[in-house]
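Read the structure below first, then the notes.
Sequence positions, counted from 1, serve as the residue numbers for this chain.
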Amino acid sequence: RVWDYVRDNYVHRLLQSEGDGKVVSYERGGGGDGELCGGGDDAACTAVDIHTKEQQFAGEEKLSTLQLEYTHLLSSQLESQRQYFEDRMAELATVASNESEERRAATRQLEGDMTDLRRQVTALTRDKQGTDKKIAQLIAKLNKVHSDLETEQHLNLNLRQSKQELLASIEELKKQLLGKDAT
């Protein structure tokens, strides 16, 4: 049902008149506000009824044709839109599938890289432990050599002092011997 703003009520259909282009209501039952046939002349009434029925039939035929054209246009537009959106969905599904496959391939690559890096970290950790052990051994040797050096330097100092004391003692004994021989 359609609202008729001129009559301020609902009508079955609204059509545009051919003459002036105004919107007029179309009601299927015939009749209207005023009766053409009302009481006296049955022949005139019958002629008017036939003429009105022919106009009504022609109007209904035009309306039916318009409805058919509109339905055909609407269904073709809907089919076109359905085809467009199905194609668009298929295109988006293809794009999503390609992106998904690319991401899976990138994930596999990253997993392989991560496995390689873990192996390298394990090998480097082993090498570091070995190097740390060697460094500890070298530090221990260095400390021992340093300790031995200090000991040797201390012994060397003592030997020099002893040598000087002995040389001084020999000189004194020589002097004493020479002093006794001279006497």
For residues 97-110, dump all side-chain donor-acceptor pairs below 3.5 Å to protein atoms at least two apart in sequence or in another chain.
unit_1: Asn98; atom_1: ND2; unit_2: Thr94; atom_2: O; d: 3.4
unit_1: Ser100; atom_1: OG; unit_2: Arg104; atom_2: NH2; d: 3.2
unit_1: Glu101; atom_1: OE2; unit_2: Arg108; atom_2: NH2; d: 3.4
unit_1: Thr107; atom_1: OG1; unit_2: Arg103; atom_2: O; d: 2.7
unit_1: Gln109; atom_1: NE2; unit_2: Asp113; atom_2: OD1; d: 3.1

Which residues end up grouped with Leu166 if you chain together Ile, Leu, Val, Met, Phe, Trp and Tyr wherever their side-chain heavy atoms are less than 4.5 Å apart? none
May I have the list of side-chain donor-acceptor pairs in residues 78-92 shorter than 3.5 Å, sequence neighbours left out?
unit_1: Glu79; atom_1: OE1; unit_2: Arg82; atom_2: NE; d: 3.2
unit_1: Glu79; atom_1: OE1; unit_2: Arg82; atom_2: NH2; d: 3.2
unit_1: Glu79; atom_1: OE2; unit_2: Arg82; atom_2: NH2; d: 2.2
unit_1: Arg82; atom_1: NH1; unit_2: Glu86; atom_2: OE1; d: 2.7
unit_1: Arg82; atom_1: NH1; unit_2: Glu86; atom_2: OE2; d: 2.6
unit_1: Gln83; atom_1: NE2; unit_2: Asp87; atom_2: OD1; d: 3.0
unit_1: Arg88; atom_1: NH1; unit_2: Glu91; atom_2: OE2; d: 3.1

Arg126: partners by salt bridge (Lys or Arg N to Asp or Glu O under 4.0 Å), with sequence neighbours left out: none
Asn158: what forms a side chain to side chain donor-acceptor pair (under 3.5 Å) with it, not counting sequence neighbours? none
Interatomic distance, Leu117 atom CG to Thr122 atom OG1 [nearest 0.5 angstrom]: 10.5 Å
Could you tell me if the side chain of Thr125 sits less than 4.5 Å from the side chain of Val121, heavy atoms only? yes
Please list all pairs meeting salt bridge (Lys or Arg N to Asp or Glu O under 4.0 Å) that have one or both residues in residues 169-178, counting only residues at least two apart or in different chains. none
How does the hydrophobic cluster around Leu167 look, that is, which other residues are in it when side-chain heavy atoms under 4.5 Å mark a link? none
For residues 139-152, which residue pairs pass the side chain to side chain donor-acceptor pair (under 3.5 Å) check, not counting sequence neighbours? His146-Glu150
Once rounded to the nearest 0.5 Å, what's the spacing between atom NE2 of His154 and atom CG of Leu159? 10.5 Å
Students should find that the hydrophobic cluster of Leu149, defined by side-chain heavy atoms under 4.5 Å apart, otherwise consists of none
Contacts of Arg118 that satisfy side chain to side chain contact (heavy atoms under 4.5 Å, CB included) - sequence neighbours left out: Met114
Result block: side-chain N/O donor-acceptor pairs under 3.5 angstrom for residues 127-135, not counting sequence neighbours:
unit_1: Lys128; atom_1: NZ; unit_2: Asp132; atom_2: OD2; d: 2.9
unit_1: Thr131; atom_1: OG1; unit_2: Asp127; atom_2: O; d: 2.8

